[in-house]
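Just dropping this structure here.
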There are 2 protein chains.
Amino acid sequence: MDISIERLCIENGLKMTGPRRVIARVLSEATDHPDVEELHRRANRIDNRISLATVYRTVRLLEAKGILSRRDLGSRRARYEPSGDGNHFHLVDKETGNVIEFETPEVEDALRIIARTHGLEVDVIKIELFGRRSAK
Amino acid sequence: MDISIERLCIENGLKMTGPRRVIARVLSEATDHPDVEELHRRANRIDNRISLATVYRTVRLLEAKGILSRRDLGSRRARYEPSGDGNHFHLVDKETGNVIEFETPEVEDALRIIARTHGLEVDVIKIELFGRRSAK
DNA sequence: TTAAATGCAAAGCATTTGCTAAAGG
DNA sequence: CCTTTAGCAAATGCTTTGCATTTAA
């Protein structure tokens, strides 16, 4: 079982309470991009006394520590994923809402160079593509 | 005076009411990325009877018609800009909040090709870079 | 004339917060 | 112990909506 998020919490000096441990586990096991409500649902399957407010507070804390990254992906709700999953971007199928992750170091480099010509050193790169299944 | 947004509204068969004309003018004159509240403020300088609800309804309508594009740029409020300003992306200075626009057809092409390898035809491309003034 | 648009206030979501009780180190 | 955290419910902030009225075409 993967407990990397919990380990990261400990390394960051966070108090490992019951709820926090459960949320860390849910995050570690997720392979998708759950929103807060979904995280709450999954956490409650393990311990149904965990409140939504705690989930919100936890993801906000973990984001501040750099453990999680927040994504918007068009919808109204924020989605979270472990920051450690490497630099990747999102390709969203508008019809199904399905999200594909991809990497592209060349594009990253190109963007960093562009930023530099504007005098900025890039820190965070967000790329989101929205499209639909080709007719073909 | 530039009234391009109003022209686009007419071409799209939209009824040109007083409020709508004012909002169109405000949008045409904007060179930045105003949020809805700011659009409302600017519209009210011209006619203070225009309600916030109308501004919301109008930007939503214009977005549906493809006349406006919505941007998130990190904050929780939606920001709008004319779609006709060419495909451009945003480089945000984290310290000042200043937004620089840039274009990069090569990167766009590269991303379209990547999407195609995943069987999707890209429709919308969003790129946001966040960085800070280089130490030099 | 008549369907569409407006204003207002109320409702809706997602998210945050104040407060008190509980619990980790 | 003593600070941090959890739970709850109320508050917040942005956005949408219902309804009666006005307006453009």
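Numbered from 1 within each chain, the chains take letters A, B, ... in sequence-line order. Keep in mind that what you see is a predicted model, and the values were worked out from it rather than measured.
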Open item on the list: If I take atom CG in residue Asp35(B) and atom P in nucleotide dT15(D), what distance separates them, rounded to the nearest angstrom?
Closed with: 7 Å

- [ ] Map Gly18(B) and Arg70(B) onto DNA chain D by nearest heavy atom, then report which one ends up closer to the 5' terminus.
- [x] Arg70(B)

TODO: Starting from P on dT15(D), measure out to CD on Glu63(B) and report it in whole angstrom.
DONE: 11 Å

TODO: Would you indicate which nucleotide in dC13(C), dC8(C), dT15(D) comes nearest to any side-chain atom of Leu52(B)?
DONE: dT15(D)

TODO: Ignoring backbone atoms, establish whether Thr54(A) has a side-chain N or O less than 4.0 Å from OP1 or OP2 of dG7(D).
DONE: yes

Open item on the list: Measuring from the side chain of Tyr56(B) (C-beta onward, heavy atoms only), which nucleotide among dG7(C), dT16(D), dG7(D) has the closest atom?
Closed with: dT16(D)

- [ ] Consider only side-chain N and O atoms of Asn87(B) and Glu103(B), and report whether a donor and an acceptor are under 3.5 Å apart.
- [x] no

Task: Candidates dT17(D), dG7(C), dT3(D) - which lies nearest the side chain of Arg60(B) - done: dT17(D)

TODO: Go through the side-chain N and O atoms of Glu38(B) and His33(B) and say whether any donor and acceptor fall under 3.5 Å apart.
DONE: no

- [ ] Check every strand shown and say whether Arg57(A) touches a base, only sugar-phosphate, or nothing at a heavy-atom separation below 4.0 Å.
- [x] base

- [ ] Using atom CZ of Arg79(A) as one end and atom C1' of dA14(C) as the other, report the distance to the nearest whole Å.
- [x] 13 Å

TODO: Nearest whole angstrom, please: distance from the C1' of dA23(C) to the CD1 of Ile50(A).
DONE: 15 Å

- [ ] Examine the base of dG12(C) for any acceptor or donor lying under 3.5 Å from a partner atom in the side chain of Arg76(A), and report the outcome as yes or no.
- [x] no

Task: Rounded distance in Å - CG (Leu14(A)) to C1' (dA23(C)) - done: 16 Å

TODO: Identify whether the distance between the nearest side-chain nitrogen and carboxylate oxygen of Asp123(A) and Lys94(B) falls below 4.0 Å.
DONE: yes

TODO: Look at the side chain of Arg71(A) and the backbone N and O of Arg79(A), then say whether any donor-acceptor pair between them is shorter than 3.5 Å.
DONE: no

Task: Check: Lys15(A) side chain, dT5(D) base, donor-acceptor under 3.5 Å - done: no

Task: Nearest to side-chain heavy atoms of Thr17(A), which nucleotide of dT15(D), dA6(D), dT17(D) - done: dA6(D)

Task: Closest to side chain of Ala53(B), choosing from dC8(C), dT5(D), dT15(C) - done: dC8(C)

TODO: For Asn44(A) and dG7(D), give me the distance from atom CG to atom C1', rounded to whole Å.
DONE: 12 Å

- [ ] Can you figure out which of dG7(D), dT15(C), dT6(C) approaches the side chain of Arg77(A) most closely?
- [x] dT15(C)

Open item on the list: Between His118(B) and Glu101(A), do the side chains contain a donor N or O and an acceptor N or O under 3.5 Å apart?
Closed with: no

Open item on the list: If I take atom CD in residue Glu37(A) and atom P in nucleotide dT15(C), what distance separates them, rounded to the nearest angstrom?
Closed with: 9 Å

Open item on the list: Between P on dT4(D) and CZ on Arg20(A), what's the gap in Å once rounded to a whole number?
Closed with: 11 Å

